[in-house]
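Input: a single structure, listed below in structure tokens.
For the single chain, residues carry numbers from 1 onward in sequence order.
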Amino acid sequence: QVQLVESGGGLVQAGGSLRLSCAASTSIFSFNTMGWYRQAPGKQRDLVATITSGDTTKYADSVKGRFTISRDNAKNTVYLQMNSLKPEDTAVYYCNAVKNTWTRGRLDYWGQGTQVTVSS
């Protein structure tokens, strides 16, 4: 059973920084893509950033230039460095891992989420 455990959320003032971590219970080489999503109250869960096993990254337009996703394969951990935070970044942030298989198609794994609150 794959487990993803997020950490690093908290309360920060606008303009501040936070770094989220997502530790996987298995080698992250086994995943095609890992990423971060967020969900604000009353809204759908949206993609924030993804990184492939080949280190190709993708960002939502709203976070480009402010957030950076990275991975440490030795630690089986993915990070999200968030700078210049804005109140609209307030949300629960979820770690996601995707494994594409021949027999079962796409498999998605999710962490439990970590709250990020940005005060104005």
Exercise for the section: Ignoring hydrogens and angles, tell me if any N or O in the side chain of Glu6 forms a donor-acceptor pair with the backbone of Gln112 under 3.5 Å. Expected result: yes
Problem - Between Asn32 and Ser53, a side-chain donor and acceptor under 3.5 Å - result: no
Handout entry: Non-hydrogen atoms of Thr90 and Val118 that approach each other most closely
Key = OG1-N, 2.9 Å
Exercise for the section: Answer yes or no: is there an ion pair linking Lys86 with Asp89, defined by an N-O contact shorter than 4.0 Å? Expected result: no
Practice task
Output the distance between atom OG (Ser70) and atom CD (Gln81), rounded to the nearest 0.5 Å.
Solution key: 8.0 Å
Exercise for the section: Report yes or no: does Asn76 contribute a side-chain atom to a donor-acceptor pair with the main-chain N or O of Ile28 at less than 3.5 Å? Expected result: yes
Completion exercise
Here the pair of heavy atoms bringing Ser120 nearest to Pro87 is CB-CG, 3.8 Å
Problem - Closest non-hydrogen atom pair, Leu4 against Ala24 - result: CD2-CB, 3.8 Å
Handout entry: Tyr59-Val48 co-clustered via ILVMFWY side chain contacts under 4.5 Å
Key = yes
Completion exercise
Result for side-chain contact (heavy atoms from CB on, under 4.5 Å) between Ile51 and one of Thr68, Leu80, Thr57 points to Thr57
Practice task
Say whether, by atom type as modelled, one donor and one acceptor occur between the side chain of Thr77 and the main chain of Ala23 under 3.5 angstrom.
Solution key: no
Practice task
Kindly work out whether a path of hydrophobic side-chain contacts (I/L/V/M/F/W/Y, heavy atoms less than 4.5 Å apart) joins Leu107 to Val98.
Solution key: no
Handout entry: Straight-line distance of Phe29 CZ to Asn73 CG, nearest 0.5 Å
Key = 3.5 Å
Exercise for the section: Measure up the Tyr94 and Trp110 rings against each other and bin them: parallel (under 30°), tilted (30 to 60°), perpendicular (over 60°). Expected result: perpendicular
Handout entry: Any donor-acceptor N/O pair, Arg45 side chain to Val92 backbone, under 3.5 Å
Key = no
Practice task
Look up atom CG in Asp46 and atom NZ in Lys43, then write down how far apart they are to the nearest 0.5 Å.
Solution key: 8.5 Å
Handout entry: Candidate list Val63, Thr50, Leu20, Leu47, test side-chain contact (heavy atoms from CB on, under 4.5 Å), partner Trp36, passing option
Key = Leu20
Handout entry: Nearest non-hydrogen partners of Val78 and Met34, listed with the distance
Key = CG2-SD, 3.4 Å
Exercise for the section: To the nearest 0.5 Å, tell me how far Cys95 SG sits from Tyr79 OH. Expected result: 11.5 Å
Problem - Nearest heavy atoms of Ala91 and Arg38, plus distance in Å - result: CB-CB, 3.8 Å
Handout entry: Rounded distance [0.5 Å steps], OG in Ser25 versus OH in Tyr109
Key = 9.5 Å
